[in-house]
Amino acid sequence: MSAEEGDWNFYLRTVSNSARDSNIANGPASDPSLLHAVKKLCEFCKREDKTSDDLVARVYPHLNKLFQRSVASLSQSNSSNGLLLLGILQFFLDFGEVVLHDADPSLHTFIRSCLSREFADPIVAAATLDFLYVNKNKLLISFPNLLPQFFPLILKLTAWNGGKLEKPFLKVLPGLVSPGSFLPLFPSLMDLPILVVALEKVERSSGSLIGNNIASIQKSKAPEMLLALMDEAYTGTTVGERGGDESEESSTINVADPLFLELLKDENDGLVERHWTSPGIAAVLQAAKNSPQSDRLKQILNIAPRLLDAYFTIALRDANSSLICALIPILMTRISALFPDQNYMYKVRRRLLEFMLAAFHRSPDLIPLLKKPIIDRLGNAYDSTEKTELALQLCWAVGEYGGGGPTHKDAARELFQSLELLLYENLSSSRLGLRQESAVDSNRKSFSKSSQSRLLCFVITAITKLATHHRELLPRARVALIKVARSRISDSRVSKRAHVYLGLIDEPGICLPVLGPSRPSHGFVHYPGTVNWNEGGNKVVAHIPFYILGEQEGPPFHDFSLSDALPRR
């Protein structure tokens with residue numbers, strides 16, 4: 001017998017003996033040599049020779065029994081079974097067709113029975129992500145719903161184990177995105193910081209997360225944990241410190257209980273609305289805001305924006321317009337509902353706005369489809385700073401893409417009316433987003449005026465652009481600009497811009513390239529800021545407005561007409 005055959009027989013005998021062991025308490029994972037034996041047997045079976053199929057057929061029954069025994073011992077074993085089960089799963093994926101083994105039930109069993117208990121183990125978490133990446137193509141082809149179904153658990157193991165798993169997770173992330181997981185994945189990525197806070201609360205309440213299935217908390221620990229969260233937020237005490245009769249307080253906690261468990265779920269059950277004003281979420285956020293941040297939370301606050309970047313890249317590349325159209329209203333809602341960390345909020349909001357504008361650039365037809373939520377957000381521009389910024393970007397998008405293009409005149413007219421209303425409301429108010437108060441400090445007052453001026457500039461630009469796209473709106477746009485130009489606004493930049501736009505809309509040949517559509521329209525391509533002088537002879541109806549473009553006031557200082565500067569045919 002050769003040395004190689006001897007090794008083969010030794011490894012097979014090791015696996016066979018462990019598979020036959022009936023002692024459940026003494027799980028297979030307690031034998032450190034077993035994992036090595038499984039890996040070596042897989043290597044022998046992968047060799048391309050005439051005996052490989054025979055080897056696979058001899059190994060498979062023992063590995064299948066070993067897999068079942070390992071799963072049965074999970075609840076009583078003190079050793080980690082994750083690496084051993086992953087090694088066996090690799091054999092099932094590699095040779096399933098040879099032995100006619102369907103790996104789908106085995107994969108589901110591993111995730112639900114083992115990974116849900118051992119996701120907090122950094123070694124198992126890293127090995128799982130590596131396993132998913134190595135077999136990504138096989139999983140997407142043979143089991144396309146597996147990764148999208150269990151993306152919450154994969155997010156959980158990534159969030160808990162921090163920055164070391166960021167790059168492996170980014171390799172797996174495209175496999176998590178499918179039509180059924182695209183929308184639920186977005187709020188889950190947004191809520192990674194609060195997921196970490198919730199997991200830390202579970203760990204403090206019930207001990208180490210390794211070896212404990214959080215799903216079992218639903219019937220036992222969740223009400224107590226939520227009560228502790230609310231006590232910590234509102235009274236500064238815990239359940240144990242408080243003492244006394246708890247029946248009255250406990251009776252109200254079941255309302256928030258499902259919301260807490262929604263954060264800790266392992267499987268994708270569709271898009272669930274998360275009410276950030278609920279007592280449970282409010283308590284978690286308040287407690288997190290008032291207490292020092294853990295190292296794990298700091299890491300996820302830095303990682304989450306980059307994960308959102310990757311998600312948005314996948315969305316713009318792979319998602320269809322229907323999914324993007326459904327995502328944008330969720331994005332608009334969540335822009336003011338973020339984990340209360342200033343740096344995190346700034347990074348995430350910037351990415352949300354950039355993605356929204358990129359989506360409108362890719363598909364301007366989304367603007368008329370999202371007409372109602374856009375109009376609603378324009379009406380809420382006064383509520384907060386972040387909602388004001390959202391309204392500004394929406395104004396820009398509506399104007400830049402002409403309300404969806406020349407074929408969407410009805411939607412453009414309604415959007416124009418909303419912009420008019422926003423403009424006239426601002427002209428009649430002295431402050432933006434703040435109530436009229438007699439005593440307001442100078443910094444807030446200055447910030448309010450600056451915000452109002454910025455919003456007015458965006459609105460009048462959008463109005464002028466819309467009228468340039470849809471010429472039937474020009475009379476109303478001219479009236480709006482005249483009102484702004486004549487208004488008593490302390491910021492002269494606003495009235496000066498209104499004067500500029502009034503001059504531009506009187507010069508169609510220049511206004512169209514400067515403020516018109518940047519995309520092909522009616523077979524012509526317009527480049528904003530570039531005047532096509534060859535069309536000047538039949539489009540320009542007055543002198544070149546050098547005095548406007550040069551921001552000078554008064555009549556033009558030149559006495560020649562545009563026809564003098566154009567070549568005659």
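Heads up: numbering here begins at 1 and tracks the sequence.
From Phe458, atom CZ reaches atom OG1 of Thr388 across 12.0 Å, with rounding to the nearest 0.5 Å.
Shown here are the side chain to side chain contact (heavy atoms under 4.5 Å, CB included) partners of Glu200, two or more places apart in sequence or in another chain: Trp160, Val196, Arg204, Ser294, Arg296. For Arg351, the salt bridge (charged side-chain N to carboxylate O under 4.0 Å, His left out) partners at least two apart in sequence or on another chain are Asp309. Under the rule for a salt bridge (charged side-chain N to carboxylate O under 4.0 Å, His left out), the partners of Lys372 that lie at least two apart in sequence or sit in another chain are Asp376. With sequence neighbours left out, Lys347 forms a side chain to side chain donor-acceptor pair (under 3.5 Å) with no residue at all. Annotation: salt bridge (charged side-chain N to carboxylate O under 4.0 Å, His left out) contacts of Asp269 (sequence neighbours excluded): Lys265. Residues satisfying the side chain to side chain contact (heavy atoms under 4.5 Å, CB included) criterion with Glu386, sequence neighbours excluded, are Ser336, Arg349, Ser384. Under the side chain to side chain contact (heavy atoms under 4.5 Å, CB included) criterion, Leu421 pairs with Glu425, not counting sequence neighbours. The side chain to side chain contact (heavy atoms under 4.5 Å, CB included) search around Asn268 returns Phe151, Pro152, Ser181, Pro184, not counting sequence neighbours. The salt bridge (charged side-chain N to carboxylate O under 4.0 Å, His left out) search around Arg377 returns none, not counting sequence neighbours.
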> Which is it for Val459 and Leu378 under the side-chain contact (heavy atoms from CB on, under 4.5 Å) test, yes or no, and what are the steps along the way?
Replying inline: CA-CA 10 Å; Val459 171; Leu378 292 178; over 6 Å; no
> Between Ile328 and Met356, is a side-chain contact (heavy atoms from CB on, under 4.5 Å) present by the stated rule, with each step listed?
Replying inline: CA-CA 7 Å; Ile328 290 179; Met356 182 183 69; 4.3 Å; yes
> Are Leu132 and Ile154 close enough, and set up right, to give a side-chain contact (heavy atoms from CB on, under 4.5 Å), and what steps lead you there?
Replying inline: CA-CA 10 Å; Leu132 295 177; Ile154 299 173; 3.8 Å; yes
> side-chain contact (heavy atoms from CB on, under 4.5 Å) between Lys465 and Val398: does it pass, once the steps are laid out?
Replying inline: CA-CA 9 Å; Lys465 285 187 172 184; Val398 168; over 6 Å; no
Under 3.5 Å, which donor-acceptor pairs link side chains of residues 301-308 to any protein atom two or more places apart or in another chain?
from	atom 1	to	atom 2	distance (Å)
Asn302	ND2	Lys298	O	3.3
Arg306	NE	Glu166	OE2	2.7
Arg306	NH1	Asn302	O	3.3
Arg306	NH2	Glu166	OE1	3.1

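Applying the 6.0 Å contact sphere to CZ of Arg317 captures more than 12 heavy atoms from other residues, nucleotides or ligands.
Proximity of Glu354 to Arg350: side-chain heavy atoms (C-beta onward) are separated by under 4.5 Å at one or more points. Looking only at side-chain heavy atoms (C-beta outward), Glu389 and Ile335 stay at 4.5 Å or farther from each other. Within the 4.5 Å cutoff, side-chain heavy atoms of Leu455 are placed close to those of Leu422. Taking 4.5 Å as the limit, some side-chain heavy atom of Phe360 sits within range of a side-chain heavy atom of Leu370.
Sorted pairs that involve residues 169-190 and meet salt bridge (Lys or Arg N to Asp or Glu O under 4.0 Å), not counting sequence neighbours, are lacking altogether. Here salt bridge (Lys or Arg N to Asp or Glu O under 4.0 Å) pairs that include residues 468-483, with residues two or more places apart or in two chains, are Lys409-Glu472, Glu420-Arg476, Arg478-Asp506.
A centroid separation of 6.0 Å or more is found between the aromatic rings of Tyr133 and Phe169.
Ring pair Phe355/Phe312 is parallel by interplanar angle, where below 30° counts as parallel and above 60° as perpendicular. In this pair, Tyr401 and Trp396 present their aromatic rings perpendicular. The plane angle is above 60°, beyond the 30 to 60° band.
Listed for the Lys156 side chain is a donor-acceptor partner under 3.5 Å among the backbone atoms of Leu264.
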